[in-house]
Undergrad: 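Here you go, one structure.
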Amino acid sequence: MEVYIPSFRYEESDLERGYTVFRIEVLVNGRKHFVEKRYSEFHALHKKLKKSIKTPEMPSKHVRNWIPKVLEQRRQGLESYLQTIIYENEELPKIFLDFLNVRHLPSLPKAESCGSIEEIDSEDTSKLSHQPVLLFLRDPYVLPKANDLAANVVIEGVLHGIFYPHLQTS
């Protein structure tokens, strides 16, 4: 997971004083989405996180919202805050994931590797977080050489994957 705060903007409201909204870019498993949060929401998150994990320092709460240089420093501080939480925690708290609108984060331990498919027992296949997309009924490297071998094998694999997904080699 990667998190950045590329920008912020000032919001004016008839009901309350103006405030700054920080735009958070969240990249999870190749998918990007944006979340907008006020400093008060960061502060509330910080108070909740302190109960369960060691948290980094938060940027100062008391600044004048209309000074761009100070807001830029706050943006950098909040970005660093989020990145430090991600970097220093093996497993991220649900409250943190909810704050970033991340619904599901597959959790494979960092030190664990699946290895090759032959090493996985049938009981261990439930640990895999993906399903095969293509199914080749024969090994393209064992077949005799032909000019259009690669194209035929790929086309055959795609067609079998789409029309015969229930056929799996054992």
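Side chains are part of it too, since the values below use all heavy atoms of this structure and drop only hydrogens, waters and symmetry mates.
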Undergrad: Would you call Arg9 and Glu36 a salt bridge, using N to O less than 4.0 angstrom?
TA: yes

Undergrad: Can you tell me how far CG of Leu100 sits from CG of Leu92, rounded to the nearest 0.5 angstrom?
TA: 8.5 Å

Undergrad: How close do Gly77 and Pro59 get, counting heavy atoms only, and between which atoms?
TA: C-CG, 3.5 Å

Undergrad: Calculate, to the nearest 0.5 Å, the distance between atoms NZ and CD1 belonging to Lys47 and Ile95 respectively.
TA: 12.0 Å

Undergrad: One pair to check against side chain to side chain contact (heavy atoms under 4.5 Å, CB included): Met58 and Leu78. What are the steps and the verdict?
TA: CA-CA 7 Å; Met58 279 280 292; Leu78 292 173; 4.1 Å; yes

Undergrad: Which heavy-atom pair separates Glu11 from Val21 by the least distance, and what is that distance?
TA: CG-CG2, 3.5 Å

Undergrad: Look at the side chain of Thr84 and the backbone N and O of Ser80, then say whether any donor-acceptor pair between them is shorter than 3.5 Å.
TA: yes

Undergrad: Drop me the distance from Tyr4's OH to Leu27's CG, to the nearest 0.5 angstrom.
TA: 7.5 Å

Undergrad: Any chance you could measure Ile85, atom CD1, to Met1, atom CE, to the nearest 0.5 Å?
TA: 11.0 Å

Undergrad: Closest approach of Val102 and His33, non-hydrogen atoms and distance?
TA: CG2-CE1, 4.1 Å

Undergrad: Please state whether the rings of Phe8 and Phe22 are parallel, tilted or perpendicular, taking 30° and 60° as the class boundaries.
TA: tilted

Undergrad: For Glu41, is there an ion pair with Arg38 - N to carboxylate O distance below 4.0 angstrom?
TA: no

Undergrad: Examine Lys37 relative to Phe42 and say whether NZ or CZ is less than 6.0 Å from the centre of the six-membered ring and inside a 45° cone about the ring axis.
TA: no

Undergrad: Between Arg31 and Val26, is there a side-chain heavy-atom distance shorter than 4.5 Å?
TA: no

Undergrad: Out of curiosity, Lys48 NZ to Ile53 CD1, how far, rounded to the nearest 0.5 Å?
TA: 13.5 Å

Undergrad: Which heavy atom of Pro6 sits nearest a heavy atom of Arg23, and at what distance?
TA: CD-O, 3.1 Å

Undergrad: How close do Glu79 and Ile5 get, heavy atom to heavy atom, and via which atoms?
TA: OE2-N, 2.7 Å

Undergrad: Going by the rule ring-ring contact (aromatic ring centres under 6.0 Å, His included), which residues pair with Tyr39 if we only count those two or more places apart in sequence or in a different chain?
TA: none

Undergrad: Suppose we screen for side-chain hydrogen bond (donor to acceptor under 3.5 Å, both in side chains). Which residues come up paired with Tyr81, at least two apart in sequence or across chains?
TA: His46

Undergrad: Just wondering, do Leu82 and Phe96 contact through their side chains at under 4.5 Å, heavy atoms?
TA: yes

Undergrad: If you take all heavy atoms of Pro93 and Leu49, which pair is closest and at what distance?
TA: CG-CD2, 3.8 Å

Undergrad: Under the salt bridge (Lys or Arg N to Asp or Glu O under 4.0 Å) rule, collect the residues that match up with Lys94, sequence neighbours excluded.
TA: Asp98

Undergrad: Say you draw a straight line from CD1 of Ile86 to CD of Glu2; how long is it, rounded to the nearest 0.5 Å?
TA: 8.5 Å

Undergrad: Are any non-hydrogen side-chain atoms of Ile24 and Phe99 less than 4.5 angstrom apart?
TA: yes

